Every structure is written in C-alpha cells, then in structure tokens.
Amino acid sequence: MNTKTKQGLFRRFWPYLRKYRHIMIFDLICAALTTLCDMVLPLIMRYLTNTALTDAASLTVQVVLQLGLLYLVLRVIDGAANYYMADMGHVMGVYVETDMRRDAFAHLQKLGHTYYSNTKVGQIMGRITNDLFDVTEFSHHCPEEFFIAAIKIVASFVILCQSSVALTLILFACVPLMAVVSVIINRKMRDAFRHQRVQIGELNARIEDSLLGERVVKAFANEELEKQKFERDNEAFKEIKKKSYVYMAAFQTSTRMFDGLMYLVVIVAGGLFLTFGKIDSGDMVAYMLYVTTLIATIRRIVEFAEQFQRGMTGIERFCEIMDADIEIFDEPNAKPLQIKAGQIQLDHVNFEYPDDHNEVLKNVNLMVRPGEKVALVGPSGGGKTTLCNLIPRFYDVTSGRILIDGQDIKNVTLKSLRSAIGVVQQDVYLFSGSVYENIAYGKVGATREEVIAAAKLAGAHEFIEKLKDGYDTYVGERGVKLSGGQKQRISIARVFLKNPPILILDEATSALDNESEVLVGKSLEQLAKGRTTLTIAHRLTTIQNADRILVLGKDGIEEEGNHEELLAKKGTYYRLWNGLVGTQV
C-alpha cells in the first residue's frame, strides 16, 4: 500500500478512527444540528423581509414571537451539540492518539539494533509526541469540518436554486476554481510541513545530544561550539517554517480573493436580477446571508488547512515508524528455550552488518561447554562484541547456526532466549529512578528481600546503605549521581536477580579505576560461578583464570587455549601479553 498518497494515509489511519465510530457518528449528528441552526436564520430573514414588503398585515406580533421562539430553541440545541463536539469530539481524538502512540511504542520495542543505530532518538521522540498530538486535532476536526462544509454547500445550493437557478449557478461557478487553486497550494503546504517535522526532529536530536553530553561539553570548554551547531539547526528550522507560512499565506490570500469574488457576484449579478425583477428583496437578503455563511465555512476550512496538513504529516511519520522492518522476530513455530546445561555452539557462523554489509565474522566454529568460562581477546574491530551480540539475537547470523543445548536459537522464542542470558556491559545504563527500581528491573515482581540479597551478592549492599536514602536513592538520569564502579555493581546486582544460566560480560571492568575494578571483579567472579560465561577481555590480566581463551582476528578464531597454553605457543596472545600486558587490547 502506498502510504505517501492521501488515500493511502487515510486507509492506514481509518482503523484507529473506526474503533470510536460511535463517538464520531454522534459528533457528526451534532455537527449537522449546529449547521441546521446556521442555515435556518437566512430563511427566517427572507420570510420576514418578503412578508414585510408584500403582506405587512400578516406579520403579526405572534408570528414574530413564534419565529423568535423557534430560533431560540435552535440556539439551545446548537449550544448542547457544540458542547458535545468540543468535549467528546476532542476526547475521541485523544483516544485515537493514545492508541497510535501505544502501537508505535510497541513496534519500536520490536525493532533491532540496526534501526536505532541509524535513527536519532530526537526524531523518534518527535514522531510519537508532537506528531501524534497533531493527529488528535486532525481526527476530531477532519470529519467534522468537511461534513459541515458539505452540508452547508449542498443545502445552500438547493435553497438558493429555489429563488434563482441562474444566479445560484453563477455564484457557485467560483467554487471549482477555488478548489483547483486550493489543491495546488495544499500540496506545497504538505511538503513544507513534512520538512518542518523532519527538521524539528533534528533540532530535538541536537538539543538532546548536547544536554546529555553536557559534562563533555564543559570539560572541553566547547559551549560556543554547541551554540553554533544549535544555531545552524535552529536557523534551518526557521527557514523551513518561513517557507511553510509563505504557502499558508498564499492559501489564505487566494481564499480571501475568492471571498471578494463571491460577494462581487452577489452585488453585481444579484443587483441586476433585482433590477429586472428576477428575484425579490427577501431573496437578495437570503443570498447575501448564505454567501456570508459559505464564506465563513470556507474560512473555517482555511483555518483548518494548516491543522489538516500537520495531521496528515503526523500520520505519514507514524506510518514510517510502523513500516520499519522488524528484523529480529519469533518464527511461526518458535518454542520456549529449554535450558538443560547451558552449552553454546556456533556452527559455521558468518556475519555482516545489514546496513553497510561490513563482514565481521567469517566461518566461526565454537563449542562452549556447560559452566565453562571462555574469554575473548583480540584487536578492536575483531568481532568480539559482535559474536556475543549474536547469542541473544540482538542481530541474526548471516549464515550458519547458533545452538544452545542443541536448540537453534532462531527456532526458540526471543523472550525465553533472552531470559536465559544475562549481559553485563561496559556502558552501564541505569534508568531514571531509585537504586531499588534499577536492581528490581532484573526480575519483574521481585520482593525487596530478593533485591537486597542480589545487591549483597554483587558487593553493592554496603555502599547502597551509605547513600542518602539507601535503596530509595534517586540515581539521576542514566545514573549520573553514582560513580562508574557503583553503577556497574548495581548492573551486576540486576543480573544476579535475573539469575540466568548463561552470562555475557562485555568489557565490564574496562572503564573503571583500579580500586573499582578489583571490587567489581570480585562481584563478577561470584556472578560467574556455575554459569556458562563468555567474557570480552579489555585487560589481559583479568582473564588469566579463564578456562579457555580465544584470540579473534580477521580470519576468525586464530588461537585457543588457557593462559599458560597460549603463552607457550608464543603466538598472537604471547605478543599481546608481553607487549600490552595490563593495557587495553
């Protein structure tokens, strides 16, 4: 389905609106009632004018009061209907926005690392917040405004034809020309608003990047540089927004010109018809009032045009999220992973990144025995982290297989696979919240006793107790209120709570100072007991006691053995140990 066309976008949007069609139908009924009130007034005025000029005696006080009472009742109905439209109509839009945001967020949770590597978070945030807010207004006003406009145009045409078909046709001849001009300018407006949304996403991404990296900015005294980068994006947004308002101004100006043209037709043609007795004075008054009603309707559409285009742009950008391919998913016949011992096997594994086709792993064969502690070393870019990312299926192998206890991981459910694997990374991410909440993230529904027990196993309980509010201490955004070692031990406690049979340690101590490295190292040793463990080594001294060490290079696994065996071979590991011992590799 082509979602770039308006029809395609409407088809994608319709299921969300259809869910609340009962609210929309009643909203349209209310819109019809308010329109009825507007349409009746010219008829009342025509009747009063014609009666006063042709049969003044029949225009009694009783007749005037009856007409006044009729209009009063209509205004009460109009007030009640308008209240429903303003209340439940907007609530319906909120319901639609909420459903779309829920689906967008759920889809984002399914997208893989490749998507997030190539998409700025600021852009994503803009799509599921600002863009969908515009959809709220669109979902309420779009059917309502067009429905009201249709009723007024059709009803006005029918009523005016009863007075003079010729004058009505002359008057409505302006409408097709107005429609053609409006469509042309509207297309340009939509493109402008789309570019505006893209640029506001870039601006959001720039602000987020600068604010999250404020410590780096200040450390390098680069505040002026950040201001300059922000100013470039801000100026670009200004220029795009100016362009959108050029089209908006053109649209409004063309509409006002057509307003004047319609009034001109009524004045000139209507005056001539009145002069030659083709219409009477009451009809002329009715014509002028209906033209005023039509112009008011057109102006509402003009005012809605910007909102309409923003809504369409919001739907389009929502569809772009929903159309992003889910690269990692459960196969139709996927079954829960059954952990027996924790054996991991890589069978002729090849991998290249899907976006740039950079080949990282080539024909890798590896068997990790249950409970074995295997360390991966080698030059940067050799594929150590990539290999570990393939096991929990953060990426899928290009070819070959990965098996856990004989089960191909592509044939098991993602939830069961990832539940069986604990990952401790170099770059620790803590959520904004308390220490307790961050540890409890490892096991949904964990008791406080379980959280404290996990913290003790990770060697974190002592320092947590010394914090201002203990386990309820707020850690700040991304854990900025804690030291690197403290954050790492909290992340280890989180994995202890999860209690997985398989463990991946991705350079877990590389960014720590010596004292913190010793403390965290002890926690990791405790964590690895009884678990099948893969460790990506940053310092060779941290993996001397590994059961097996693998040296990864451009051709795959170049060397294999324990520390003493590899030193005895006097190969790559030997050179690394003697030349770079204790340093980063």
Side-chain angles (χ1 to χ4, degrees), residues 1-29 31-32 85 88-111 115 119 123-124 126-151 153-154 179-180 182-198 200-201 244 247 251 300-302 304-327 329:
M1 181 187 296
N2 184 6
T3 58
K4 296 299 182 182
T5 65
K6 286 184 179 178
Q7 293 82 359
L9 291 173
F10 272 124
R11 282 195 293 269
R12 293 290 295 275
F13 175 65
W14 172 242
Y16 292 98
L17 196 59
R18 182 178 58 196
K19 182 178 177 181
Y20 304 102
R21 59 186 178 276
H22 58 288
I23 300 178
M24 183 178 67
I25 290 171
F26 198 74
D27 182 77
L28 294 180
I29 291 173
M85 291 162 59
M88 289 306 298
H90 282 100
V91 168
M92 180 192 71
V94 172
Y95 289 159
V96 171
E97 176 191 5
T98 301
D99 290 347
M100 293 177 73
R101 184 174 290 118
R102 178 200 62 218
D103 289 352
F105 186 79
H107 190 76
L108 286 167
Q109 295 296 306
K110 298 176 184 176
L111 297 179
Y115 177 82
T119 310
Q123 286 282 4
I124 299 173
R127 291 177 189 231
I128 64 176
T129 52
N130 296 338
D131 290 354
L132 290 185
F133 174 74
D134 289 332
V135 174
T136 297
E137 296 299 303
F138 172 88
S139 55
H140 167 219
H141 289 292
C142 182
E144 186 181 285
E145 295 293 344
F146 284 117
F147 183 66
I148 290 173
I151 291 177
I153 291 172
V154 172
V180 170
S182 297
V183 167
I184 293 172
I185 300 178
N186 256 314
R187 286 176 180 169
K188 296 181 180 295
M189 281 175 57
R190 183 182 167 192
D191 289 339
F193 283 125
R194 186 189 302 114
H195 293 150
Q196 186 176 318
R197 284 302 185 196
V198 171
I200 193 64
S244 69
Y247 294 126
F251 189 45
R300 282 190 68 175
I301 293 296
V302 169
F304 175 64
E306 181 180 2
Q307 194 176 84
F308 176 84
Q309 294 303 334
R310 289 184 187 278
M312 292 297 291
T313 302
I315 294 171
E316 182 177 357
R317 284 164 63 79
F318 165 79
C319 290
E320 287 174 358
I321 286 181
M322 299 303 292
D323 290 340
D325 290 334
I326 300 174
E327 299 171 344
F329 51 86

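Scope of the values below: all heavy atoms of this structure, side chains included, with no hydrogens, waters or symmetry mates. In this text the structure is predicted, and so the values were computed from the model without any measurement. Sequence positions, counted from 1, serve as the residue numbers for this chain.
With rounding to the nearest 0.5 Å, the separation of CD1 in Ile315 from SG in Cys142 is 8.0 Å. The distance from atom CD of Gln109 to atom CD1 of Ile326, rounded to the nearest 0.5 Å, is 11.5 Å. Summarising the geometry, atom CZ belonging to Arg127 is positioned 10.0 Å from atom CG belonging to Leu108; distances are rounded to the nearest 0.5 Å. Taken to the nearest 0.5 Å, the CZ atom of Phe13 stands 9.5 Å off from the CE atom of Met312. Note that the NE2 atom of His107 and the CG atom of Leu111 stand 4.5 Å from one another [nearest 0.5 Å]. Taken from CZ in Arg21 to CZ in Arg18, the straight-line distance is 7.0 Å, to the nearest 0.5 Å.
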Check the pair Met88 / Asp27 against side-chain contact (heavy atoms from CB on, under 4.5 Å), numbers first and verdict last.
CA-CA 8 Å; Met88 289 306 298; Asp27 182 77; over 6 Å; no
Output, in order, the C-alpha distance, side-chain angles, deciding distance and verdict of side-chain contact (heavy atoms from CB on, under 4.5 Å) for Tyr20 and Asp99.
CA-CA 11 Å; Tyr20 304 102; Asp99 290 347; 2.7 Å; yes
Evaluate the criterion side-chain hydrogen bond (donor to acceptor under 3.5 Å, both in side chains) for residue pair Asp325 and Tyr115; output intermediate values, then yes/no.
CA-CA 9 Å; Asp325 290 334; Tyr115 177 82; over 6 Å; no
List the steps, then state whether side-chain contact (heavy atoms from CB on, under 4.5 Å) holds for Ile128 with Phe318.
CA-CA 7 Å; Ile128 64 176; Phe318 165 79; over 6 Å; no
Between Met322 and Arg12, does the side-chain contact (heavy atoms from CB on, under 4.5 Å) criterion hold? Intermediate values first, please.
CA-CA 10 Å; Met322 299 303 292; Arg12 293 290 295 275; 3.7 Å; yes
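Nearest heavy atom pair, residue Val96 against residue Ser139, reads CB-OG, 4.1 Å. Closest heavy-atom contact between Gly311 and Val135: O-CG2, 3.9 Å. Met92 and Leu17 get closest at one heavy-atom pair: CE-CD1, 4.0 Å. Closest non-hydrogen pair, Glu97 versus Leu132, comes out as CG-O, 3.4 Å.
For CZ of Phe329, the number of neighbouring non-hydrogen atoms (other residues, nucleotides, ligands) closer than 6.0 Å is 12 at most. The local environment of CZ in Phe10 is crowded, with over 12 non-hydrogen atoms from other residues, nucleotides or ligands closer than 6.0 Å.
Ion pairing of Arg101 with Asp131 is absent here, as no side-chain N (NZ or NE/NH1/NH2) approaches a carboxylate O to less than 4.0 Å.
Aromatic pair Phe133/Phe138: centroids not less than 6.0 angstrom apart.
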